[in-house]
Every structure is written in C-alpha cells, then in structure tokens.
Protein chains: 2
Amino acid sequence: MATDEVGSMQMNGRGARRTRAVILETALRIASLEGIEGLTIGELAKAVGMSKSGLFAHFRGKDNLQLSVLQMAVDRFVDAVLRPSFRQPRGEPRLRAMLKNWVEHLNDQSRLPGGSVLISASIELDDRPGVLRDFVQKAQKDLIRNIEKAARIAVEEGHFRDDLDAELFAWSTYSFVLGYHHFKRMLEDPKAESHVRRSFKGILEMARAKECAARQDGMKAKKNGFSKTAVKKASAKKVGG
Amino acid sequence: MATDEVGSMQMNGRGARRTRAVILETALRIASLEGIEGLTIGELAKAVGMSKSGLFAHFRGKDNLQLSVLQMAVDRFVDAVLRPSFRQPRGEPRLRAMLKNWVEHLNDQSRLPGGSVLISASIELDDRPGVLRDFVQKAQKDLIRNIEKAARIAVEEGHFRDDLDAELFAWSTYSFVLGYHHFKRMLEDPKAESHVRRSFKGILEMARAKECAARQDGMKAKKNGFSKTAVKKASAKKVGG
DNA sequence: TTTATAATAGCACGATCGTTCGTTCTATTA
DNA sequence: TAATAGAACGAACGATCGTGCTATTATAAA
C-alpha cells in the first residue's frame, strides 16, 4: 500500500521520535479501519515502509504499540473536542460546544476513516481483561464525568433546571453519540447526523425546561425534536449554533 | 475448554443436524465473547470436542460458519424480543413489550455471556464489505423498521401524537439500546439498566404527549425522566409495566 | 452380513501472527 | 581517525490461522 512514508533514509537521535510519530499516525488510521486488535505489525510495517523488526524495536511489544495508539486517540479527542470547549463560557455554551465538536470530530474522515478507535475498542475489549481494557474504560469514564460536570455547571449557572439528573443527561448524550456512530457507519443512514443533532437539541431543551420544554422556549410542542414538521429547520441548524 | 459436548460418540443421519446445532450453540457463545471475526475454527473445535477438519466439513468455509452464527443470533432475537411482542395489543402496549423483552434479552448472560453478537459484529464489520456485513446491515435495518412501524401503529391507534417522527423515535430507541450495551459491559455501570428504562420512559412520554409530556400525563415536570427526584419510582417500575 | 454413504479424524499445506537474533549502516563523540 | 550508540534490516522462530486431501469409522440400506 502506501510505501515510503519513512523510506530508506536513516534517522538518528531526534529522528527516532519523528519515526515513532509517523508509525503511530499510520497505526491510528489502520486501527480505525481494522480495530485495535486487528492492527498487525506486519501490515503496519508495510504501510509505513519499514521492516517488521525495525518497527517493532520502537515498542517493546504489541501491547505497548496498542496502548500508544489508544493514548494518541485520546489525546486527539481531547484536543479536538474537550479543550476547545473549555474556552467557551461556563454552562450551556460550553456544553453545546462539546457536542458540536464531538460530532465534527466523528465526521473527520481524514483522521478516522474507519470511525472512532475508542468506540470500536470498547466493543473489542469489553470481555478481555487487561491493560488495554482498563485504559479504554478509564478514558471513557473520564469523558462521561466531563459531560456530567459540564451539565452540573450549567445548573449552577441557571441555564439548566436545578433538579436535573446530570448522570442521566450524560448517559443519554453518550448513547446518542454511539447511535450516531452506528447509524452512520454500519447502517449508512444519510439522516444520521440530522437525527443526532435533533436528539441533542431535545435533551438540551429537556434539561433547560423548568416545567415543559416546549413552553419554556416559547415554541409549540411539535417543535421539540420529535415531530415531523420540525425536520426542515432542525437539519439546517447546527447543534452548537 | 468445555470438552466432550459432542464427545466421542458418533452421530448419524439426523444426528448430523444435532451436531451442527451443538456446534452453532457453542459458536454463538464464543462469538459473543470474542466477536464474530475472533471466532476461530480451532478454538471452536476444541470447545465442542471434535477435530478441526471434522467440524469444518459441516460448513463449506468460515464465511458460511459465521453467517450461520449470525443467522442464529437473529433467530434468537426474533424469538425472544419481536415475536412475543406481536401477541400484545397493537400500538403502545406492543411497543412497550418490545422494549421490555429487548432489555431482558440483553441481560440473558447464559446465552450471551459476552453481549450481543449483532452489536459487536456491527462494529467489526462496518468497514469490511462483504456478505457478512450485508447480512448484519439488513438485519438491523429490518429491526429498526419494526420499531418504526410499531410507533406508527401507536399513532394510528391514538396512543401517540399524530405528528410523531417515527424515524427519530426508532433512532433514539436504538441509540439507548447501544448505550445500555456499552455502559453495562464496558463501563460496568450498575445504573445502566435504570438509565435505559428511564430513557425509554422518557421517549414514550414524549411520543404520547400532545403538547407537553409532563402535563398530558397529569404529572409534574420533574417526573419526566430527567429529574433526580424521580429515580426511586423509576427504578422500581419496569419499562413494560 | 455385506455394501453404500455420511461423519469424523489425521495430516499437511501455505500464510501470517508476534517475537528474537545477529548484522549493517549512519551519525555522533572521543 | 577510532570508538560508540542508535536505528533499521533480513532471516528465522514457533504458533496458529483457514483449508484442502485421504483414510477410517459408524450408520443405513441391501
């Protein structure tokens, strides 16, 4: 496949770090397509243009390679989704930014041609105890706690109702993300993005409402995200907008 | 490592079908744990107590074995979730039965020790074109269309509001199922089942409401599934009620 | 009891897996 | 210029993968 990414040129000193970065970059792309367990040293070496053994020397074993790839996936996620959102005002704006960045991150075909490595790793590893599973589990728990915290801040700020169950809010949010990933990739549903945006809109309204989502917003009930007539508007409007 | 499921006893004629059934039973269990791609003929043969080649002869190739396993998973799902629900009255009761059966089916550890084969297969196969992917995709689309149809019937029967977007309803439902699967298995969240039941309750109320879910039901807003104070009641009440 | 057939076992194949080893090449340092 | 350390290579290891071929066994039909 794509040979000569490193080529035959020799590297030394700081060049080793560069090589490692190139390897991980390619590894992340392959893991996105084949899964973290489907990532193979031979295939990776071929894709990166070096020998198996030369590549292997950069990591002390396959576990280490996989762990490095997962760590890179987490870093990418934090950089693309979480960090930018923390530059937004506390509360609902920050939460909306997170959701917006999240969808856009999942849409980034150039970096994740085969979908999120962390989501697929979750399913591959959920029955395989070990370092990898622990890592992914911790990463996901941290993420969910981030959503929860953002929701709680939105309550503090008065954006959300004060009896909001932040845990359930985070749970629903993450479920919708999984749904988006699944409907888009496996089911190839062209409406997937519209659906996830409308779902986000729905739980945001629900969280905002003191009594009734539709009324609080001055909207009619049929616009609360579950009606057919709201489709046109919803698909045009961005979640984070 | 459970040897001697077939043992050394020889089988004949109709016994062959029986052997095939035993093989598939074991294969389904392994595929639940290791994934449909992680299912290996050698491991399966050992688990079932026969030789690789002897087992192999029952299927003309690994594709065929995998396909048979997936077909069995679909049949099981239909038997456990869909078929019983069609014995319920049209509309919302039938829909509630589907959701209830679905959760209970996912909880069936004896049959699915490693979670749903179809869900994990979705992620394994979403980038691997071929017969297997086509099969899983079709199975899932059929299922989702079943939910949609049940929702539309509930509209016809007057249980749900007439402007309900059945597609989005089915989308949300399936997303919550994925969320449940994920939170329960990977994140080991003890509240996963409570969350999925409350989420189902929420979208059912949303779908039922003509104007505002909380009002229509004569309930206060803080009981619409997103408030902390509703937790105790919700966890005690079953989805299918 | 003999015969035909279906079911299983035994064995070996080519490929690929992760991993190890010794070697070569290069750049830096003494 | 000589010595050293780092990076990559090629070859090979034992295992296991899916898959054929052939022989053996057990059952069903004669």
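A, B, ... follow the sequence lines: proteins, then strands. Residue 1 opens every chain. Since this is a predicted model, take the numbers as computed values, not measurements.
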For this session: Using whole Å, report how far CD1 of A/Ile41 lies from P of C/dC17.
Result: 10 Å
Exercise. What's the CZ-C1' distance between A/Arg18 and D/dA7, to the nearest Å?
Worked result: 16 Å
Exercise. Can you say whether the rings of A/Trp102 and A/Tyr174 are parallel (under 30°), tilted (30 to 60°) or perpendicular (over 60°)?
Worked result: tilted
Exercise. Roughly how many Å is it from NZ in A/Lys46 to P in D/dG10, rounded to a whole number?
Worked result: 12 Å
For this session: Considering just the side-chain nitrogens and oxygens of B/Thr40, establish if one lies under 4.0 Å of OP1 or OP2 belonging to D/dG18.
Result: yes
Exercise. Between B/Thr19 and C/dT8, is there a side-chain N or O to OP1/OP2 distance below 4.0 Å?
Worked result: yes
Exercise. Salt-bridged, A/Glu167 to B/Lys191, with N to O below 4.0 Å?
Worked result: yes
For this session: Under 4.0 Å from any atom of DNA chain C, heavy atoms only: list the residues of residues 52-63 of chain B that qualify, in numerical order.
Result: B/Ser53, B/Gly54, B/Ala57, B/His58
Exercise. Can you find a pair of side-chain heavy atoms, one from B/Phe200 and one from B/Val103, that are under 4.5 Å apart?
Worked result: yes
Problem set entry | A/Arg20 CZ to D/dA7 P, straight-line distance once rounded to whole Å | 11 Å
Problem set entry | Heavy-atom closest pair, residues A/Ala150 and A/Leu95 | CB-CD1, 3.7 Å
Exercise. Which part of the nucleic acid does A/Leu39 contact within heavy-atom distance under 4.0 Å: base, sugar-phosphate only, or nothing?
Worked result: sugar-phosphate
Exercise. Separation of A/Leu65 atom CG from C/dC17 atom P, in whole Å?
Worked result: 13 Å
For this session: Could you tell me whether A/His195 and A/Phe183 have their ring centroids closer than 6.0 angstrom?
Result: no
For this session: Please report, rounded to the nearest Å, how far the C1' atom of C/dA7 is from the CD1 atom of B/Ile23.
Result: 11 Å
Exercise. Taking atom types as modelled and ignoring hydrogens, do the side chains of A/Asn107 and A/Tyr180 form a donor-acceptor contact shorter than 3.5 angstrom?
Worked result: yes
Seminar exercise, completed: Between CG of A/Asn64 and P of C/dG18 the distance, given in whole Å, is 14 Å
Problem set entry | For atom CD of A/Glu37 and atom P of C/dG18, their distance in whole Å | 10 Å
Exercise. Below 4.5 Å, heavy atoms only, C-beta onward: do B/Trp171 and B/Ile147 meet side chain to side chain?
Worked result: no
